[in-house]
Amino acid sequence: MSVGSPDRSVSETRPDVVRVAGVTKTFPRGNVTALQEIDLELAPGEFVSLIGPSGCGKSTLLRVIGDLVEPTAGSIAVNGKSARQAREDGDYGIVFQEAVLFDWRTVAKNIGLPLEMLGWDRARRRKRIEEMLALVELSGFADHHPWQLSGGMQQRVAIARALAFEPALLLMDEPFGALDEMTRERLNLELLSIWEQTANTVVFVTHSISEAVFLSTRVVVMSPRPGRIAGHVEIDLPTPRTAETRDTPRFFELVTQVRNLLRGQGEHLLPEEEALG
Amino acid sequence: MVTQVAAAGPLARSSLRLPVAAWTRRVGSVVLVLVALVGLWELYHWVWTMTGWTWPFIVNDTSMPHVWTIFQAFGQPAQVNQPPLITVLLHKTAFTAKEAAAGFGIGALIGFSLGVVLVHSRLLQRGFLPYIVGSQTVPILAIAPMVVVWVNPRLPGPLQGWGAVAVIATYLTFFPVTINTLRGLQSVEPRALELMRTYGASRRAVLWKLRVPSSLPYLFSALRLSATASVVGAIIGELPSGLQDGLGGAIFNFNQYYSIEPQELWATNVIAALLGIAFFVIVVLAEKAIVRRAPENVA
């Protein structure tokens with residue numbers, strides 16, 4: 001298995017961070033098969049995007065990995081443990097489409113929430129919160145309340161909160177889906193720079209082809225009804241990626257590859273993506 | 001311009017720190033309305049007396065004493081060889097305030113605890129909620145005498161008398177708090193619950209770090225209602241207790257002399273209203289100090 005960046009090449013001896021084997025999920029209501037026989041492995045340091053049209057089960061797959069949804073069949077291992085054990089051990093951080101910040105807490109205290117849950121003492125929390133604020137470039141905003149921040153800044157706080165306890169795995173469920181295009185592209189760059197510093201393994205759910213290609217070391221294309229994996233596209237764009245990466249011929253080739261995989265399933269692409277390329 | 005934005009911007013955290021001008025405007029508007037109401041009272045009095053209209057009631061100095069007569073009553077003794085009315089009323093107010101405050105505190109605590117218990121059990125919710133609602137359909141005047149008979153004999157000396165009244169105030173206080181606490185605790189965003197789940201949070205952690213803080217705006221809107229209800233409960237509770245030490249006793253007394261000295265009942269009513277307002281304002285100030293919420297979400 002190859003990844004985009006040479007300095008992140010994966011040694012075969014290190015165990016997979018995520019191993020999904022034969023996972024099926026059916027929802028009894030409406031008898032919907034959200035996921036059918038999914039197999040997926042994530043090596044340490046991989047940035048994997050799950051992409052597909054609405055209803056392809058990409059969010060369900062992410063939730064199954066996070067033990068927020070129980071699979072009907074199959075097994076999930078995170079860091080070699082059961083998904084449940086991994087969740088309770090704090091093996092992953094999660095970022096939703098909405099920032100889900102607590103209004104009554106300041107930015108600093110929002111970031112400190114998972115640390116409180118882990119029983120860190122005040123001094124240790126304060127130090128880590130400062131580091132996280134610096135990481136997401138919000139150092140001046142520790143004492144602000146969430147409603148005083150823009151949507152993009154709120155999402156950066158959510159990322160800082162998800163990474164505060166240094167989980168091996170970062171789960172992101174369309175984290176920038178509610179943001180405008182300009183903010184989204186800026187946050188894409190910031191996320192990559194954060195990822196380079198933290199060396200997390202990332203599962204990133206999106207419905208934007210360009211976002212998936214730009215961020216990932218691998219794009220997993222899914223198709224709906226029932227939710228299956230249609231194919232993988234290794235992203236070999238050079239790192240570090242910059243705003244100019246989006247203008248390179250290779251970027252367009254990869255976008256086309258992903259799009260063809262999506263089309264191969266006879267599914268319509270989202271209108272915003274039709275305009276691309 | 002830049003400095004102005006910085007000063008009035010995100011860091012101006014509390015409305016307790018409103019600029020002086022804003023406070024002046026607020027207080028000013030309250031005073032203005034008060035003056036208008038007094039004017040309306042006197043105008044009504046004057047028009048109805050001049051025209052001799054009798055609908056809906058005959059207006060004279062007994063049915064509607066002049067505002068200045070009412071305020072003069074504060075300075076005069078209600079009975080011979082007694083201190084001025086205001087002194088007597090302030091003592092009674094302190095007594096009633098003690099009953100109401102105790103009732104409010106206990107009621108809020110019981111109401112909140114009930115809400116917490118009910119939010120954790122569908123079964124208890126279904127079983128108990130109808131009775132909790134039903135408890136409030138029984139008129140307080142029907143309950144008060146029984147409470148006095150049941151509670152008073154069990155109370156230790158210092159609580160005798162006023163303790164039973166506090167229980168009656170509790171009865172009026174707990175209900176809105178229970179209902180709103182329950183609603184507030186249930187109003188948590190599903191995503192926020194999911195987030196806590198990713199931390200492997202215990203029920204207790206979810207309750208104290210998520211449910212309770214996010215229910216505070218609901219809790220406080222209930223406390224505002226309860227604050228005034230507890231004063232009403234205390235005043236009404238004094239009647240079957242036969243207590244003479246509080247505003248309820250005073251109202252009962254002056255009621256009997258209304259045809260001779262109506263201004264004394266009115267003066268007492270003014271004080272009772274002020275006590276209710278004071279309770280309300282204390283709750284509002286506490287809310288301002290405690291609840292941190294996006295401005296558009298403040299109830």
Side-chain angles (χ1 to χ4, degrees), chain A residues 59 62-63 65-70 78 83-107 109-110 112-120 140-150 153-154 158 161-162 164-165 167 169-171 173-174, chain B residues 2-17 181 184-221 223 286-299:
Chain A
S59 283
L62 178 123
R63 296 182 126 64
I65 295 169
D67 189 40
L68 298 173
V69 168
E70 193 123 354
V78 176
R84 172 160 194 192
Q85 191 62 48
R87 172 173 63 78
E88 285 173 352
D89 290 354
D91 281 13
Y92 73 84
I94 194 162
V95 179
F96 300 106
Q97 181 165 351
E98 315 86 48
V100 200
L101 302 176
F102 293 0
D103 269 355
W104 53 91
R105 286 173 171 250
T106 60
V107 165
K109 288 196 166 160
N110 266 289
L113 175 69
L115 308 178
E116 285 173 33
M117 304 299 300
L118 290 169
W120 288 28
F141 295 90
D143 295 327
H144 283 56
H145 282 266
W147 72 83
Q148 297 164 329
L149 306 181
S150 69
M153 289 159 89
Q154 290 184 9
R161 180 184 59 193
F165 50 102
L169 178 64
L170 179 60
L171 302 178
D173 192 1
E174 298 192 35
Chain B
V2 174
T3 47
Q4 207 183 346
V5 170
L11 280 175
R13 288 208 314 217
S14 166
S15 56
L16 286 176
R17 274 166 242 151
T181 299
L185 295 175
Q186 286 171 334
S187 73
V188 174
E189 263 183 88
R191 278 280 177 284
L193 280 173
E194 218 166 35
L195 182 74
M196 294 302 277
R197 197 170 137 78
T198 70
Y199 301 144
S202 64
R203 265 189 173 196
R204 171 185 287 218
V206 172
L207 179 69
W208 290 109
K209 289 193 190 293
L210 175 59
R211 286 192 191 272
V212 169
S214 67
S215 76
L216 283 184
Y218 291 86
L219 176 66
F220 270 100
S221 60
L223 291 180
E287 179 176 7
K288 286 236 156 79
I290 292 168
V291 179
R292 289 269 173 274
R293 228 4 105 84
E296 68 269 21
N297 289 346
V298 173

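Residue numbering restarts at 1 for every chain, and letters A, B, ... go by the order of the sequence lines.
Between the NZ atom in B:K209 and the NZ atom in A:K109 there is a gap of 10.0 Å [rounded to 0.5 Å]. If you take CG on A:L113 and CG on B:L195, they are separated by 6.5 Å, rounding to the nearest 0.5 Å. Atom OH of B:Y199 and atom CD of A:E116 lie 10.0 Å apart (nearest 0.5 Å). For the atom pair CG of B:L193 and CG of A:L68, the computed distance is 11.5 Å after rounding to the nearest 0.5 Å.
A pairwise comparison of heavy atoms in B:A201 and A:M117 identifies CB-CE, 3.2 Å as the closest pair.
Contact annotation for B:L216: neither backbone nor side-chain heavy atoms come within less than 4.5 Å of a heavy atom of chain A. With a threshold of 4.5 angstrom between heavy atoms, A:F165 approaches chain B through side-chain atoms but not through N, CA, C or O. Interface remark: A:R63 contributes side-chain atoms only to the contact with chain B (heavy atom separation under 4.5 Å).
By the 6.0 Å contact criterion, CD on B:Q186 is enclosed, its count of non-hydrogen atoms from other residues, nucleotides or ligands being greater than 12.
A heavy-atom distance below 4.5 Å is found between the side chains of A:W104 and B:S214. Between B:E194 and A:I94, the closest side-chain pair of non-hydrogen atoms is not below 4.5 Å.
With hydrogens and angles disregarded, no donor-acceptor distance shorter than 3.5 Å links the side chain of B:R191 to the backbone of A:A99.
Comparing A:D89, A:D67, A:D91 by heavy-atom pairs within less than 4.5 Å of chain B, the highest count is held by A:D67.
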